[in-house]
Amino acid sequence: MSQVRVRFAPSPTGFFHIGSARTALFNWLYARHTGGVFVLRIEDTDAARNSEEFLRVIYASLTWLGLNWDEGPTVGVCGGGAFGPYRQSERAHLYREYLEKLKAAGRTYEKDGAIWFKLLGERHEVFDEHRKKTVVKVKNAPAVIDDRIRGRVERTEDEDFVIVRSDGNPVFHFVNVVDDIAMQITHVIRGEDHLSNTSKHVELFQAFGAPVPAYAHIPLILKQNGPGKMSKRDQGALIEEYQRRGLLPEALVNFLCLLGWNPGDDREKMPIAEIIRLFDLPGVNQSNARFDEKKLAHMNMAYLLELSADEFVRRAREFFTRLGGENATAKLALAADPAFFRAVMLLSQPKLKGLEELPAYTAYFFTEDFPVDAKAREKALAKGDPAARLRELTAALATADFASDTAIEETIKVLAAARSLAFGDYQPVARLALSGTNVGPPITGMMRVLGRDRVLARLGRFVVG
RNA sequence: GCCCUCAUCGUCUAUCGGUUAGGACAGGGGAUUCUCAAUCCUCAAAGCGGGGUUCAACUCCCCGUGGGGGCACCA
C-alpha cells in the first residue's frame, strides 16, 4: 500500500480550540502510526473572517502540543513539502484550473452570479422548513461512504451547491476536495460535524475522476455543562488558555487521546510513543465525549509528579517567565538566587496539581512581606500556648542543624519530648509564622530551604497576641 | 421540518453472544501524616424502553425515546 497522507486543515477564523486540537492530534497519530505524512493546510478562503493573529495561534498551539507537521507552511523546523503552497489563499490558480475541468465536463452552471456544482440525478422541489424556502433536491445513486470509524454511511439526496462565490472566491467544499486531490491525501480524518458534507465531497471527487480518500469521522467533544458541542466560547475550550495556565502539553495530549480512543485495556497514562504504536482508526469510538476538566487536572498532576527535578525546575522557571511582570511573585522568584529558586520549586513539586498554583504556593519564600491569613491565624492559635511554643522553638532552632529535614525534625521532636508535647504542638504556629498560612510543604523542608537566619527572623518577628 | 449519526456507573471507558458487567476521574468512608496534598485500602454507582433472532443477549436486527451533528455565496 502506498504511503498514508493525512492533513489537518484549520481555518484561521477563530481561536484554536480543543476540538480542533484533537482532530489535529488524531491525524498526527495516524500519520506517525503508519509512517505516513502529516500535512498542515491553511483553509483561508474566507478573506473577510481570516486573521494573521489566529494563524499564529494555530502554529503556536500545534507546536506547543508537539504536533509537528511534515508538510505545510514553514514554521521553525516544521513545514515545506512538494505540494505547496499550503495556504489556500495562494492556490487560486489551481482552483481556476480545476474549475475549468468541471466546466468542460458540463458539471457547473451560473446562478445569482455564483458558480454552482450540478449534481447528477433526478430532481424534485421540496419546501425546506429550516430555510423557509423551496429548494431543489437531487436524488441520485446513493453516495456510499465506507467510514473507517463508523462503517457504512449512505446518503441518497443532496442539493446543488455553490463552489465559487459571486465575488470570485472559491468555497470550502470545492477547495477542500481540489486540495485533497492535488496533495494526494489518502485519509480524511475530521470531526463528525463534517459527516453530512461528505456526500458532496465524494461527488466532487467522482466528478474529477479522482480516487475518493478513505474517510474517518471522529466523535465530537461536548461541553461539560449544558447541551451541545464544545465551542470556542466554552470554559476550557481554548488551547492557548491551557498553555497560559502552565498545563503540561504531554498531559493534555494524553487526555485528548483518551477522549474517543483507548488502547483496548485499562491503561490511561501512557507515553506518546506507546500511543502512537497502538493508535488506529477502528479503535476510535463512535459516540461523543463530554469534556471533563477534573480528569484533565488529574492527568496533569500525574505528569507533574513524575517530572525529573531538572525538568520541573526548568518548566517552573519557564512558567514564571511567561507570567513576567504581571505577577509580583514571579518577578521576585526570577530574581532570586537560582539555587534557592530550585530548592523552593523542588519542595513544592510533590504538592501541586498544576504549575499555575506555583505563585500563590511559593510567594512567602521570596519576600518577607507576606500576608497572614486571618482564618489560618485563628486556627493555628486556637489551642495550647502558641506564644510559649514559639519561644521554645526559636531557642531550640538557634543552635539546630539546618542541613537536612530530618535533622530539623529531630530537633523539634527532642524539644517536644522534653516537655511531654508532640511535634504537632509546634507545627501550626511555626507554619503560620513562617508562611502566613496553614497549608504548604512539610514544615521541616520549609525551614531547611528558608535557612536558619530567615527562620529565626520570622519566628522572632511574629506576634501571637 | 428534513437528512445523517450515536446510546454501559455523574463523567471518560472495557466487554467484540455465555463475566460476580472491569478500570479511571469525581463522590463517601478508612489508613498514613507536622498542615494541605499525594499514596494505599474501601464503599456507593451503569447496560434508555419495547419487540424480535438465539439454548443464551449489554453485545445482532427492528421500532420507539433521548443525545449530537448537518441543512449558507462559513469552514
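Residue numbering restarts at 1 for every chain, and letters A, B, ... go by the order of the sequence lines.
Comparing R152(A) and L222(A) by the nucleotide of RNA chain B whose heavy atom lies nearest to each, the residue mapping closer to the 5' end is R152(A).
Among the atoms of the strands shown, only primed sugar atoms or phosphate atoms (P, OP1, OP2) are found under 4.0 Å from some heavy atom of D193(A). Contacts of E192(A) with the nucleic acid, taken as non-hydrogen atoms under 4.0 Å apart, include base atoms. Among the protein residues, N197(A) comes within range of the nucleic acid bases, having at least one heavy atom under 4.0 Å from a base atom. If you check every strand for non-hydrogen atoms under 4.0 Å, K351(A) touches a base. Across all strands shown, I115(A) has no heavy atoms under 4.0 Å from either base or sugar-phosphate atoms. Among the atoms of the strands shown, none is found under 4.0 Å from any heavy atom of H217(A). Among the heavy atoms of the strands lying under 4.0 Å from G260(A) are primed sugar atoms or P, OP1, OP2 only; no base atom is included. Note on D425(A): nothing from the nucleic acid sits closer than 4.0 angstrom, heavy atoms only. In this structure, E157(A) reaches neither bases nor backbone, as no heavy-atom distance under 4.0 Å exists between it and the strands shown. P442(A) comes within 4.0 angstrom of a nucleotide base, judged by non-hydrogen atoms across all strands. L220(A) comes within 4.0 angstrom of the backbone, heavy atoms only, and of no base.
Rounded to a whole Å, the CZ atom of R148(A) is 19 Å from the C1' atom of rU5(B). In this structure, the CG atom of L252(A) is 18 Å from the P atom of rC25(B), given to the nearest Å. Distance CG (D128(A)) to P (rG70(B)): 15 Å, rounded to an integer number of Å. The distance between atom CG of N254(A) and atom P of rC12(B), rounded to the nearest whole Å, is 17 Å. A straight line from CD1 of I218(A) to P of rG70(B) spans 14 Å, rounded to a whole angstrom. Rounded to whole Å, the distance from NZ on K383(A) to C1' on rU35(B) is 12 Å. R267(A) has its CZ atom 14 Å from the P atom of rU15(B), to the nearest Å. Rounded to whole Å, the distance from CZ on F255(A) to P on rA26(B) is 12 Å.
The 12-atom threshold is exceeded at CD of E154(A), counting heavy atoms of other residues, nucleotides or ligands nearer than 6.0 Å. The 12-atom threshold is not exceeded at CZ of R233(A), counting heavy atoms of other residues, nucleotides or ligands nearer than 6.0 Å. At most 12 non-hydrogen atoms from other residues, nucleotides or ligands lie less than 6.0 angstrom from NZ of K383(A). At most 12 heavy atoms of other shown residues, nucleotides or ligands fall within 6.0 angstrom of atom CD in E378(A).
A distance of about 47 Å separates the P atoms of rC55(B) and rC71(B), rounded to the whole Å. To the nearest whole angstrom, the two P atoms, one in rC62(B) and one in rU5(B), are 11 Å apart. Using atom P as the reference point in both rG30(B) and rA37(B), the two lie 14 Å apart (nearest Å). For rC41(B) and rC61(B), the P atoms lie 40 Å apart once the distance is rounded to whole Å. As rounded to the nearest Å, rG49(B) and rC43(B) have C1' atoms that lie 30 Å from one another. As rounded to the nearest Å, rG22(B) and rA14(B) have P atoms that lie 15 Å from one another. rC9(B) and rG17(B) are spaced 23 Å apart, taking the C1' atom of each and rounding to whole Å. Going from the C1' atom of rG10(B) to that of rG27(B) covers 9 Å, rounded to whole Å.
Taking every side-chain heavy atom of R155(A) into account, rC3(B) is the closest of rC3(B), rC36(B), rA75(B). Distances from the side chain of V162(A) to the nucleotides rC73(B), rA75(B), rG23(B) place rC73(B) closest. Closest contact between the side chain of E129(A) and the listed nucleotides rG1(B), rA75(B), rC4(B) involves rG1(B). Distances from the side chain of D112(A) to the nucleotides rG69(B), rC74(B), rC73(B) place rC73(B) closest. When the nucleotides rU35(B), rC36(B), rA14(B) are ranked by their closest atom to the side chain of Y361(A), rC36(B) comes out on top.
Nucleotide rG66(B) is matched to rC6(B) when pairs are restricted to Watson-Crick or G-U wobble geometry with both distances under 3.5 angstrom. Pairing partner, rA38(B): none, since no Watson-Crick or wobble contact has both distances short of 3.5 Å. Judged by Watson-Crick or G-U wobble contacts below 3.5 Å, the nucleotide rC58(B) has no partner. Across all strands shown, rA21(B) forms no Watson-Crick or G-U wobble pair with both key distances under 3.5 Å. Under the Watson-Crick or G-U wobble criterion, with both distances below 3.5 Å, rG1(B) is paired with rC71(B). Pair assignment for rU32(B) gives none, since no Watson-Crick or G-U wobble pairing has each distance under 3.5 Å. Pair assignment for rG27(B): rC43(B), on the basis of Watson-Crick or G-U wobble contacts that are both within less than 3.5 Å.
Electrostatic pairing of E43(A) and R7(A) does not count as a salt bridge here, judged by no charged N lying under 4.0 Å from a carboxylate O. With salt bridges taken as basic N to acidic carboxylate O contacts below 4.0 Å, none links D44(A) and R91(A). Salt-bridge check for K413(A) with E410(A): failed, with every basic side-chain N at 4.0 Å or more from each acidic carboxylate O. Salt bridge status for D425(A) with R389(A): absent, with no side-chain N to carboxylate O gap under 4.0 Å.
Annotation: H187(A) is not in aromatic contact with F26(A) [ring centroid separation under 6.0 Å not met]. For an aromatic pair to be called close, the ring centres must be under 6.0 Å apart, and F54(A) with F15(A) satisfies this.
Contact check for F279(A) versus V284(A): side-chain heavy atoms found under the 4.5 Å cut-off.
For the pair K295(A) and F255(A), the cation-pi criterion (under 6.0 Å, within 45° of the ring axis) is not fulfilled.
Within a heavy-atom distance below 4.0 Å of RNA chain B, the residues of residues 6-18 of chain A found are S11(A). Contact check of residues 283-304 of chain A against RNA chain B (heavy atom, cut-off under 4.0 Å) returns N285(A), Q286(A), S287(A), N288(A), A289(A), R290(A), D292(A), K294(A), K295(A), H298(A), M301(A).
In this model, the phosphate group of rA75(B) is approached by a side-chain N or O of T45(A) to a distance below 4.0 Å at OP1 or OP2. Contact annotation: K353(A) side-chain N/O to rA38(B) OP1/OP2 distance is under 4.0 Å. Note on R22(A): every side-chain N or O is 4.0 Å or more away from OP1 and OP2 of rC12(B).
Side-chain atoms of E268(A) and base atoms of rG23(B) include a donor and an acceptor less than 3.5 Å apart.
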Under 3.5 Å, side-chain donor or acceptor atoms of residues 93-103 of chain A against the rest of the protein: list the pairs with distances, not counting sequence neighbours.
unit_1: Y95(A); atom_1: OH; unit_2: D179(A); atom_2: OD1; d: 3.3
unit_1: Y95(A); atom_1: OH; unit_2: D179(A); atom_2: OD2; d: 2.6

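For the residue pair H194(A) and H217(A), no side-chain donor N or O sits within less than 3.5 Å of a side-chain acceptor on the partner.
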